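These values consider heavy atoms only, across backbone and side chains, with no hydrogens, waters or symmetry-generated copies. Note that the coordinates shown come from a computational prediction; the quantities given were computed from them, not determined experimentally. Proteins get letters first, then strands, A, B, ... in listed order; numbering begins at 1 in each.
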Amino acid sequence: MCLAIPARVVELMDEDMARVDLGGVRKEISLALVDEVALGDYVIVHVGYALSKLDPDEAEKTLALFAESGLDLQAIAEGSA
Amino acid sequence: MCLAIPARVVELMDEDMARVDLGGVRKEISLALVDEVALGDYVIVHVGYALSKLDPDEAEKTLALFAESGLDLQAIAEGSA
Amino acid sequence: MQANYTRPLDLKRGRVDLSHGAGGRVSAQLVRELFARHFANPALDAGDDGAVLPAPGPGERLVMATDAHVVSPLFFPGGDIGCLSVHGTINDVAVMGARPLYLSASFILEEGYPLADLARIVESMARAAREAGVPVVTGDTKVVEQGKGDGVFISTTGLGALPAGRTLSGNQARPGDAILVSGTMGDHGMAIMAQRESLAFDSEIVSDTAALHGLIAQLLEAAPSVRVLRDPTRGGLATTLNEIASQSGVGMVLEEKAIPVREQVDAACELLGLDPLYVANEGKLVVVVPAEHAEAALAALRAHPLGSDAARIGEIVEDANAFVQIRTGFGGKRMVDWLSGEQLPRIC
Amino acid sequence: MQANYTRPLDLKRGRVDLSHGAGGRVSAQLVRELFARHFANPALDAGDDGAVLPAPGPGERLVMATDAHVVSPLFFPGGDIGCLSVHGTINDVAVMGARPLYLSASFILEEGYPLADLARIVESMARAAREAGVPVVTGDTKVVEQGKGDGVFISTTGLGALPAGRTLSGNQARPGDAILVSGTMGDHGMAIMAQRESLAFDSEIVSDTAALHGLIAQLLEAAPSVRVLRDPTRGGLATTLNEIASQSGVGMVLEEKAIPVREQVDAACELLGLDPLYVANEGKLVVVVPAEHAEAALAALRAHPLGSDAARIGEIVEDANAFVQIRTGFGGKRMVDWLSGEQLPRIC
Amino acid sequence: MKYVDEFRDGEVAATLAEAIAREADTGRRYAFMEFCGGHTHAISRYGVTDLLPANVRMIHGPGCPVCVLPIGRIDMAIRLVLERPEVILCTYGDCLRVPASDRLSLLKAKARGGDVRMVYSAADALALARKHPEREVVFFAIGFETTTPPTALVIKQAQLMGLANFSVICNHVLTPSAIMTILESPEVRELGTVPLDGFVGPAHVSTIIGSRPYAFFAEEYRKPVVIAGFEPLDVMQAIRMLIRQVNEGRAEVENEFTRAVSEEGNLKAQALVSEVFELRRSFEWRGLREVPYSALRIRAAFAAQDAERKFDLAFTPVPDNKACECGAILRGVKKPTDCKIFGTVCTPENPMGSCMVSSEGACAAHYNYGRFRDVPVVAA
Amino acid sequence: MKYVDEFRDGEVAATLAEAIAREADTGRRYAFMEFCGGHTHAISRYGVTDLLPANVRMIHGPGCPVCVLPIGRIDMAIRLVLERPEVILCTYGDCLRVPASDRLSLLKAKARGGDVRMVYSAADALALARKHPEREVVFFAIGFETTTPPTALVIKQAQLMGLANFSVICNHVLTPSAIMTILESPEVRELGTVPLDGFVGPAHVSTIIGSRPYAFFAEEYRKPVVIAGFEPLDVMQAIRMLIRQVNEGRAEVENEFTRAVSEEGNLKAQALVSEVFELRRSFEWRGLREVPYSALRIRAAFAAQDAERKFDLAFTPVPDNKACECGAILRGVKKPTDCKIFGTVCTPENPMGSCMVSSEGACAAHYNYGRFRDVPVVAA
Ligand code: SF4
Ligand code: SF4
Ligand SMILES: [Mg+2]
Ligand SMILES: [Mg+2]
Ligand SMILES: [Mg+2]
Ligand SMILES: [Mg+2]
Ligand SMILES: [Mg+2]
Ligand SMILES: [Mg+2]
Ligand SMILES: [Mg+2]
Ligand SMILES: [Mg+2]
Ligand SMILES: [Mg+2]
Ligand SMILES: [Mg+2]
């Protein structure tokens, strides 16, 4: 449920509107539900509204956590080799 | 102007309506503009309304007048022969 | 569970919806349960993007003709859009002198149209194709939103084989040729008009919709010298004759009294202020034939059930202006021009 | 006075009205000043009810295919209904392995449609036909009242010649065969969707509409063993593969990562909740070819400008249930089913 | 069709033609105007001219309600239906193609999204209003005295039913005023400039108004009038009767159409018309300009049914094409082929003047039925 | 696509799969419910199950707002749009095909002449109302906490603009109440009957409500919850985190989706929602029956924007098909293939129960993506 996707704000417009970019596709959305969005921020877009900002640091951390399992695996593989 | 055609009343209906026949085609028309129309009468129909009754005797007389010219012609032709 | 089950189409209460035209499982089902079922023939049954068909015999050329059918109402006395769409295109192939071989059919359906009515149309179409011996070998179906169509539109394309050496064309009429028609004028158009809510009248007028290739075959056998054949559809006899006159660069002189018109069609025309010469036919022929073969041609037409009211109605004359003239039953002369605008009932 | 003068069509400010479809002088004018002018070819110019055409060579069979075109909007990035209606039908003929020869076109116009836009469509159609070398040899035009059509509908029928001995059909796929596509998936459908008022987004996505017979000729020369060709239009690649699987009674296993999809198409699909495998193409091929000739076929596709993104995307397997499976880029496996219903943007 | 076919008989026509030829004085010319489009149509359709001697000439009058409808009235209806989406504008088929300003017509306004519908009868317009209470149904009514009574009837019925969504744009015009205008034109008044020896009087108009209103013309202007049916034999007989009057120096109202026309006309219909309508002080006729007291408007008592009041519609006159010779043609001074743009700029598909608008107009009738006579048959 | 593609990486997936296999205790079975359809979709779409060890089983929850929408609510909208021609009913694409009574759906109601339109956004519905002042625009709003704030916004905007022709049928439902209902079901409560070892918590719902509301379940019912993004790597990581909690005997709320979800959520959106909406005492969920305090309705202060009040709409419950096993499937007791009519009477084209309605429902997901596993590959 709740199809939403991170997109980058490429233009701030009047009336809480913004243009976002997703893989080269651009769409006007509303920022009325989130505060303090800046150009270049990623926001999570749902039915034409930004629901929240996306935190790039946290995204990196999560990706690092995934990778961690890879490292573990590698370590173990090496250990067992 | 004023396309109108003689048609025979084949059915008297409610609310001043009647069904008329023209060469086998039947259509509902209004008799609201003419008085005392009887079954079998011919009426002059225009935009779905009877405008007047057609007088069969007068029609015969008119046809006879046409024919008269024919008789004349013949008489003259014979006279000149 | 069944691996690939689909519940059968609801041909009683169901209606066309957008999914019937979306190209997915439901579209495939509509094709399978309705179109393929009724049109059944090997080329269509293959279920490919195109039909593979035997080519005509050696020396023969192809004739291709197409018509979009948009009649309203879809069902009318004497027929419906289904059989009409078969006859209309077969006739365009046949008047070129060709043996009609195959038909394609493309449907544009309006969202909300009852499947039961669609089924009746498809059955009628299949029956007409079967009776004519001309199978519907390929097709396509699209669905448009409500208010963007009008129930059912059917475009058909016909393919035929033209024997070597035969040339029938609107440009072949020559001064001195006789003009024949295969029967009464205006039946189809008037049968449709009688159904229009705004004009409604009662009559026994029925559409003449019919496939004419049988009649034509008989005619061409008896009178191979026939120069022009055409079916006087939209625009009626008047417009068809003007087309031929202008293609051939000749004039015509018609004999009004000789043109067969049913009494009821005549009467309905009087009521509506129309001229039967401009009212559409869907099962009639105009024939231009050298005068010396006119009687043979006429006899051949009359010998066929679809030509029993055939008549010789006039002749081709020299006239670079391509005027079609008519000697009225009254004794005068006038022009019969192209249909101007469209046929609208008049009060004046 | 001039004997038969008609003022030229007002192609700047004029609009389609019912008289353009009534079959009279105005209809003839529309044909003459617009259709015949742009499509100009001897068969059409004859102005008869059907076109007389040379038949294919000895031993060749005919292929006949038809499509109704009802796209909205009528003009879209990369094309319009005019060129689309030429490409779509040429492709259906070409995927049967036939050389496309002739097209017929049937127009259903909505009262009120601007003649200037109609002229653009006809020009585009004529250009597409010219570039493809496949003339529009016969046609028909009807006009429906406003609110009973949607601007312009075009049904085209194509005729082609199939060389002796060639059999391409959806029922020819065999276990072990390779599955190729000639390029990126979903471009056409997404180019259209981007124009819909309710979804509007900006992108550089353009329709891939193109005539594929040149590409196909090159392919069949390099890999005559090709078993199935099909253009994955409505319903997209997913539905086309399911059609082939069920016609041939085989299964398929696809490699998701191998299926080419443009980044922007992918992104637009994410935005709308759609799957590019179900989005329509109008200039792409699906090819089923014995594995041993797959690389030759791929090379031939890639050597053609319309096949530069061609890819081998999977293989045919034994499966009487005709399931199409896919190995996801993620490492799992799932089915790719027929399109169910129609493609609607989702929020969930 | 009884009472129709007998009056179209070619054999009788031939004998009548002989009689006319015999009775017409070869030493003089006869010019008669058939006022009505119905007669114009019959003459062209049946080729009556071919049956008349060369010295008998028929002049086509202004008696086609479509032809005389001024552009500004159609403009008014088009503005209404395009500006107000709630309006269903209904009218007779004849009105749909009448050209208006900006290359529009009601048919083209329909193509631009206006809800314009053809009706066969005024009653159908009323029915439409009952069927669509949420819409405003406006009936664009045209016609001479013949077509006026049905309009009067539906206006009265709408009032009785309290049908608030039905109204009428009244364009009904009067025959006698038009005849008068022609007789008052300088060319006709100055004897000799234009020969006008008599009138073939209206058929169906006269079923309503009777034969009496024509007496004035006969007496005041010394012009014979013969009321005639619309079948071709009626027309020929009327011509014959006119020739006799001219020959005998008479100027009377005679009635050839006795089978349907009486002296007093249809009193019931007349009463209805005067209950609902009153005279307009002046009304523009296409081709004839402003004609005093020549049209009807809806009485104040039926104001709710008067679309002109209800929607505050204003009439803006639009000048005819400068090259158009309609006025002169309608007065018998010129023939269609005397117009420089006949058959080139002005054709039935693109009429420039009123006479080309409906097939009953002098120019359209000549174009559709007679123009082959203007060009020699050319060998291919 | 940045922040998307990285979370779908097949190579990372393989390493995560290894990690899960390593960490999962081969001596026990794990059953986790992903509440959200978004997770169900990701699992099916990417074939995540193939990357999980055999003893880790995912149960598809009721978290698809389309699936849980009761028939009676759609019936209500259909009645409205078919009975009142002035109504334009707009809704998200997802709702159009949801089957209602009498074999109808909004799409089929459209085919019968109802003016039903798809919108991409609540803002589009509002724009439609401004564009068509003569019509009544009714927005049929569905969705969980994610989709509710936009609806609240347009209701407030409509009130501010004084837009009298815009109203909303509110079908917004609440995630925590649904989770509670599942946890309160007899099978889950009676330990052992149904194994339910933890929840993958909603992604986008949580961007609005934050992670805090789930603490209650973790503490009260001793069920671990891991909030996860909707990308397949997010799901796998969440499963790994759930396995760890189970292995370590913890029952905590953890957040895998920290890049978008905070503890407190989107306070601005929350404030807006509570200004416009209030709790419904009870609401029917398809498959779960009546769930207390599980949905929102429009506050009296916004009554003018409440289509249920404005048009006096009444909800009539419609029983689910008797053979349908949705309830049991949603509680994890049964699988789609346990339903006798799965894949025969009940298919995505003719769904009988809620789980077949949208591609995110358990039955539809299995039908569309997984049914090939149920039948052996048969040689032709
Ligand atoms: S031809 Fe046209 S412009 Fe000339 S007089 Fe006749 S109506 Fe007027
Ligand atoms: S298959 Fe259909 S009927 Fe059976 S449980 Fe699933 S949704 Fe319900
Ligand atoms: Mg044709
Ligand atoms: Mg035809
Ligand atoms: Mg034809
Ligand atoms: Mg197709
Ligand atoms: Mg319709
Ligand atoms: Mg096709
Ligand atoms: Mg195609
Ligand atoms: Mg195809
Ligand atoms: Mg045609
Ligand atoms: Mg439209």
Give, as side chain, backbone, both or neither, the part of Asp337(D) having an atom under 4.5 angstrom from any heavy atom of chain C.
side chain
Region of Val63(D) in contact with chain C, defined by heavy-atom distances below 4.5 Å
both
Apply side-chain contact (heavy atoms from CB on, under 4.5 Å) to the pair Glu342(D) and Val143(C), showing each step before the final yes or no.
CA-CA 11 Å; Glu342(D) 80 242 58; Val143(C) 176; over 6 Å; no
Under the criterion side-chain contact (heavy atoms from CB on, under 4.5 Å), I'd like the reasoning laid out for Val26(D) against Trp338(C): C-alpha separation, chi angles, the key distance, then a yes or no.
CA-CA 9 Å; Val26(D) 181; Trp338(C) 294 75; over 6 Å; no
Evaluate Arg230(D) against Asp49(C) for side-chain contact (heavy atoms from CB on, under 4.5 Å), listing each step before the verdict.
CA-CA 7 Å; Arg230(D) 194 155 287 183; Asp49(C) 283 8; 3.5 Å; yes
Of the backbone (N, CA, C, O) and the side chain (C-beta and beyond), which part of Ser19(C) lies under 4.5 Å from a heavy atom of chain D, both, or neither?
both
Of the backbone (N, CA, C, O) and the side chain (C-beta and beyond), which part of Phe107(D) lies under 4.5 Å from a heavy atom of chain C, both, or neither?
backbone
Can you say whether Ala46(D) sits under 4.5 Å from chain C via the side chain, the backbone, both, or neither, judging by heavy atoms?
backbone
Chain D interface, residue from Val52(C), Leu229(C), Asn171(C), Thr239(C) that has the most non-hydrogen pairs under 4.5 Å
Val52(C)
Counting heavy-atom pairs under 4.5 Å with chain D, the top scorer among Leu159(C), Asn4(C), Thr167(C) is Leu159(C)
I'd like to know if the side chain of Asp67(D) and the backbone of Asp140(C) have a donor-acceptor N/O pair within less than 3.5 Å.
no
Should Leu53(C) and Arg61(D) count as side-chain neighbours, where that means a heavy-atom distance under 4.5 Å?
no
Is there a donor-acceptor contact under 3.5 Å from the side chain of Arg234(C) to the main chain of Gly24(D)?
no
Compare all side-chain heavy atoms of Asp150(C) with those of Val144(D) and state whether any distance is below 4.5 angstrom.
no
Which atoms of Glu60(D) are under 4.5 Å from chain C, going by heavy atoms: the side chain, the backbone, both sets, or neither?
backbone
Shorter than 4.5 Å, heavy atoms on both sides: which option in Ala322(C), Ser155(C), Pro58(C) has the most such pairs with chain D?
Ser155(C)
Identify which part of Pro54(D) has an atom lying under 4.5 Å from any heavy atom of chain C, answering side chain, backbone, both or neither.
backbone
Please classify the contact between Ala105(D) and chain C as side chain, backbone, both or neither, with a heavy-atom cut-off of under 4.5 Å.
backbone
Picking from Leu62(D), Leu101(D), Val137(D), what satisfies side chain to side chain contact (heavy atoms under 4.5 Å, CB included) with Leu62(C)?
Leu62(D)
Would you say the side-chain atoms of Asp48(D) pair up with the backbone N or O of Gly170(C), donor to acceptor, closer than 3.5 Å?
yes
CA sep, side-chain torsions, deciding dist, call: Thr157(C), Ser104(D), side-chain hydrogen bond (donor to acceptor under 3.5 Å, both in side chains):
CA-CA 7 Å; Thr157(C) 299; Ser104(D) 72; 3.2 Å; yes
Under 4.5 Å from any heavy atom of chain C - which part of Leu103(D)
backbone
Where on Met96(D) is there a heavy atom nearer than 4.5 Å to chain C: the side chain, the backbone, both, or neither?
side chain
Start with the C-alpha gap between Lys148(D) and Glu110(C), add the side-chain angles, then the distance that decides, and say whether side-chain contact (heavy atoms from CB on, under 4.5 Å) holds.
CA-CA 9 Å; Lys148(D) 296 189 167 175; Glu110(C) 186 184 9; over 6 Å; no
Grab the two heavy atoms, one from Gly50(C) and one from Ala65(D), that are nearest each other, plus how far apart they are.
CA-CB, 3.8 Å
Any chance you could measure Ser27(D), atom OG, to Leu339(C), atom CG, to the nearest 0.5 Å?
7.5 Å
If only atom types and distance count, is the side chain of Lys142(D) paired as donor or acceptor with the main-chain N or O of Val70(C) below 3.5 Å?
no
Winner by heavy-atom pair count (cut-off under 4.5 Å) against chain C, out of Ser340(D), Ala161(D), Gly47(D), Pro56(D):
Gly47(D)
For Leu162(C), is it the side chain, the backbone, both, or neither that has a heavy atom closer than 4.5 Å to a heavy atom of chain D?
side chain
